2 protein chains.
Amino acid sequence: MHSRGMANGIQERIKKLIIDRRLPSGDPLPTETELMELLGVSRNSVREALKALQAMGIVEIRHGFGTYVGPMSMAPMIEGLTFRTVAGHYRGEDSLLELLELREAVETGLIARLAGRVPASDLAELESLVARMEDEAGTGAVHADTDRAFHATLYRGLDNTLLSEVLEAFWDAFHRVRTDLVAPGADPKVICRQHREILEAVRSGDAARAEDAVREHFGDIRGRLRRSA
Amino acid sequence: MHSRGMANGIQERIKKLIIDRRLPSGDPLPTETELMELLGVSRNSVREALKALQAMGIVEIRHGFGTYVGPMSMAPMIEGLTFRTVAGHYRGEDSLLELLELREAVETGLIARLAGRVPASDLAELESLVARMEDEAGTGAVHADTDRAFHATLYRGLDNTLLSEVLEAFWDAFHRVRTDLVAPGADPKVICRQHREILEAVRSGDAARAEDAVREHFGDIRGRLRRSA
DNA sequence: AGAGTCAGCTGCTCTAACCAACTGAGCTAG
DNA sequence: CTAGCTCAGTTGGTTAGAGCAGCTGACTCT
């Protein structure tokens with residue numbers, strides 16, 4: 001399967017080193033010089049391997065300080081998804097729409113499992129987020145952060161940090177591409193109404209209603225996306 | 001946000017080059033020497049940037065042949081997820097279980113949308129896959145490929161290639177870790193029965209039944225996972 | 001005691017040379 | 001004439017050594 005080429009093998013050996021030593025995120029790795037002697041390869045090869053691992057989020061490099069085990073976040077996935085979507089968009093594909101539909105499919109599928117099961121504390125937080133949203137809608141446009149926080153808080157109730165990270169990654173990639181490529185142009189009041197409806201539906205425990213609410217929310221974004229294309 | 005350091009900047013400039021020239025997957029990139037002159041940096045820096053881009057799947061490097069625009073697949077995500085899960089496992093976390101629950105949450109959410117909407121051609125393919133599964137169950141264990149193909153064919157009906165790739169990526173990551181770390185030990189006959197039930201439920205168009213079938217399938221895997229831990 | 005400085009670590013970049021994989025043109029043998 | 005081989009040229013892979021740049025912590029001077 002792997003070990004084609006030396007650099008690739010070096011990556012594997014550094015990964016193995018992290019596994020074998022049970023290093024948690026943030027722990028220091030050997031210096032470049034040490035890895036060089038440890039693996040018996042040149043400094044350059046070590047650096048190329050580390051660069052690749054850094055791109056995958058496995059390793060974190062701090063200039064003048066050292067190399068550390070990375071946060072293992074979904075950041076690299078966001079990076080890759082974003083580029084893939086932007087590149088596709090400029091080649092005339094509906095890649096942004098496809099990304100949105102991915103989010104829609106996953107989130108409408110998950111919301112039913114969530115109806116009536118969101119902890120009271122999260123409901124309160126969602127309430128205050130919608131309130132802030134309405135506040136922002138009065139003065140201008142809704143901040144992207146508020147929308148992000150709403151979705152993140154909503155799916156936190158599923159109690160799976162990996163799932164939450166993946167959903168947030170999808171959100172990030174979508175919004176990064178969206179703000180870069182197409183005009184925003186959303187009616188803030190409509191946005192608020194839709195988010196409030198999602199919140200109320202989830203609070204009431206009506207799964208079907210919640211699904212409809214999420215579907216309408218995404219349908220609205222989808223419509224605006226299609227119109228601007 | 002970015003452009004801290006030169007290497008990072010080089011990556012961005014190569015990405016920009018792909019975007020600006022509208023290069024599709026498989027198209028050749030300038031050679032290392034050309035990039036060197038084009039970007040005004042040393043060969044070493046070019047190579048480190050390319051290595052990072054390769055790790056993100058944006059670029060594909062073929063020794064002695066050239067550098068090309070990558071397939072933009074989810075392969076890097078699989079790599080990252082796999083490592084994250086393995087590392088977590090060895091540090092005593094339930095990372096594999098979390099990955100399985102991610103799949104379960106997403107797939108049970110999607111299956112309802114799929115009930116009664118799978119094209120006849122896909123149903124036929126699923127039928128033959130289950131048949132092969134039953135065949136394999138008679139002689140020994142069910143091949144992993146068959147299971148993978150079943151899930152891939154099933155969600156193909158959602159008609160979103162990005163979504164399909166993400167689901168396959170989750171499958172790949174899970175199975176790579178699973179086969180590396182824990183004993184397989186699944187009853188082939190039970191596996192077959194569960195897959196057939198999913199197929200029949202989807203064919204009948206009964207969304208609730210389909211959801212139950214998928215949930216039971218994952219519940220079974222989850223149970224075995226818990227027992228072996 | 002506090003602020004400034006400097007030595008030493010670290011990673012970053014460059015240059016120059018050679019190794020290894022692949023392609024394709026040209027040669028050779030059948 | 002063609003099938004196969006060889007070899008030169010191109011491209012990426014690896015090594016070596018030198019100097020640059022960011023950060024830390026101890027040391028010094030006020």
Side-chain angles (χ1 to χ4, degrees), chain A residues 1-18 21 23 25-71 75-76 79, chain B residues 1-18 21 23 25-71 75-76 79:
Chain A
M1 174 74 91
H2 30 61
S3 93
R4 37 102 184 278
M6 203 162 205
N8 212 325
I10 297 176
Q11 288 180 40
E12 295 303 322
R13 285 163 74 187
I14 295 178
K15 282 203 234 173
K16 191 172 184 309
L17 187 148
I18 297 176
R21 298 191 181 175
L23 299 177
S25 289
D27 260 34
L29 254 56
T31 66
E32 292 183 350
T33 314
E34 287 170 332
L35 281 174
M36 210 176 119
E37 295 166 358
L38 192 61
L39 305 177
V41 294
S42 79
R43 179 119 181 260
N44 222 321
S45 301
V46 168
R47 284 184 53 74
E48 285 182 11
L50 286 176
K51 271 278 168 173
L53 292 175
Q54 182 188 40
M56 293 190 277
I58 291 175
V59 144
E60 193 181 337
I61 305 175
R62 279 185 257 172
H63 186 176
F65 197 52
T67 307
Y68 300 81
V69 178
E79 208 67 37
Chain B
M1 175 74 89
H2 31 65
S3 91
R4 35 96 182 285
M6 203 163 207
N8 212 325
I10 297 175
Q11 287 181 40
E12 295 302 322
R13 285 164 74 188
I14 296 178
K15 282 204 237 172
K16 190 171 185 311
L17 187 148
I18 297 176
R21 298 189 182 177
L23 299 178
S25 290
D27 261 33
L29 255 57
T31 67
E32 292 183 348
T33 314
E34 287 170 333
L35 281 173
M36 213 177 116
E37 296 166 357
L38 192 62
L39 305 176
V41 295
S42 79
R43 179 152 175 236
N44 220 321
S45 301
V46 168
R47 284 184 53 75
E48 285 183 11
L50 286 176
K51 270 278 169 172
L53 291 175
Q54 183 189 39
M56 293 190 277
I58 291 175
V59 145
E60 193 181 339
I61 305 175
R62 280 185 256 172
H63 187 174
F65 197 52
T67 307
Y68 300 80
V69 178
E79 208 66 36

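Since the model is a prediction, treat every value here as computed from it, not as a measurement. All heavy atoms count here, side chains included; hydrogens, waters and symmetry mates do not. Below, chain A is the first sequence line, B the second, and so on; all start at residue 1.
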Visitor: Between A:K51 (NZ) and C:dG11 (P), how many Å, whole number?
Guide: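 Rounding to the nearest Å, NZ of A:K51 and P of C:dG11 are 13 Å apart.
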
Visitor: Tell me, which of residues 60-69 of chain B have any heavy atom that sits under 4.0 Å from an atom in DNA chain D?
Guide: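 Output list: B:I61, B:R62, B:H63, B:G64, B:F65, B:G66, B:T67.
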
Visitor: Could you give the CD1-to-P distance, from B:I14 to D:dG12, as a whole number of Å?
Guide: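 For the pair B:I14 CD1 and D:dG12 P, the rounded distance is 11 Å.
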
Visitor: State which of D:dG19, D:dG12, D:dA16 makes the closest approach to the side chain of A:N44.
Guide: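 Of the candidates, D:dA16 comes closest.
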
Visitor: How close or far is atom P of C:dC14 from atom CZ of B:R43, stated in whole angstroms?
Guide: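 Taking CZ of B:R43 and P of C:dC14, I get 14 Å after rounding.
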
Visitor: Looking only at heavy atoms, which two atoms of A:P28 and A:L23 are closest? And how far apart?
Guide: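 Nearest heavy atoms, A:P28 then A:L23: O-CD1, 4.3 Å.
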
Visitor: Considering only side-chain heavy atoms of B:S45, which listed nucleotide, C:dC14, C:dC12, D:dG13, is closest?
Guide: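 The nucleotide sitting nearest to the side chain is C:dC14.
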
Visitor: In this structure, how many angstroms lie between the C1' atom of D:dG12 and the CD atom of B:E48, rounded?
Guide: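 Between C1' of D:dG12 and CD of B:E48: 15 Å.
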
Visitor: Would you mind writing out the side-chain donor-acceptor pairs for residues 57-70 of chain A within the sub-3.5 Å range, not counting sequence neighbours?
Guide:
none

Visitor: Between C:dG11 atom C1' and A:L50 atom CG, what is the distance in whole Å?
Guide: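 Atom-to-atom, A:L50 to C:dG11, this comes out as 10 Å.
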
Visitor: Return the CG to OG1 distance between B:L38 and B:T31, rounded to the nearest 0.5 Å.
Guide: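 Nearest 0.5 Å value for the CG-OG1 distance: 10.0 Å.
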
Visitor: Between A:M36 and B:P30, which residue's closest nucleotide on DNA chain D lies nearer the 5′ terminus?
Guide: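 First, find each residue's nearest nucleotide; the 5'-ward one identifies B:P30.
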
Visitor: Are B:L39 and B:I14 side-chain neighbours, meaning at least one heavy-atom pair lies under 4.5 Å?
Guide: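 A side-chain contact exists here, since the closest heavy-atom pair is under 4.5 Å.
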
Visitor: Is there a side-chain contact between B:K15 and A:E79 in this structure, where contact means two heavy atoms from C-beta onward sitting under 4.5 Å apart?
Guide: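 Side-chain contact under 4.5 Å: yes.
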
Visitor: Expressed in angstrom and rounded to an integer, what is the separation of B:R47 atom CZ from C:dC19 atom C1'?
Guide: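 So the two atoms are 12 Å apart, to the nearest Å.
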
Visitor: Grab the CD-C1' distance between A:E32 and C:dC9 for me, whole Å please.
Guide: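 Spelled out: CD on A:E32 to C1' on C:dC9 is 12 Å.
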
Visitor: Show, in sequence, the C-alpha distance, side-chain angles and deciding distance for A:E48 and A:K51, and conclude whether the salt bridge (Lys or Arg N to Asp or Glu O under 4.0 Å) test is met.
Guide: CA-CA 5 Å; A:E48 285 182 11; A:K51 271 278 168 173; over 6 Å; no

Visitor: Could you tell me which residues satisfy salt bridge (Lys or Arg N to Asp or Glu O under 4.0 Å) with B:R21, sequence neighbours excluded, listed by chain and number?
Guide: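 Expected list: none.
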
Visitor: Rounded to whole angstrom units, what separation is found between the CG atom of B:L29 and the C1' atom of D:dT10?
Guide: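 Rounding to the nearest Å, CG of B:L29 and C1' of D:dT10 are 17 Å apart.
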
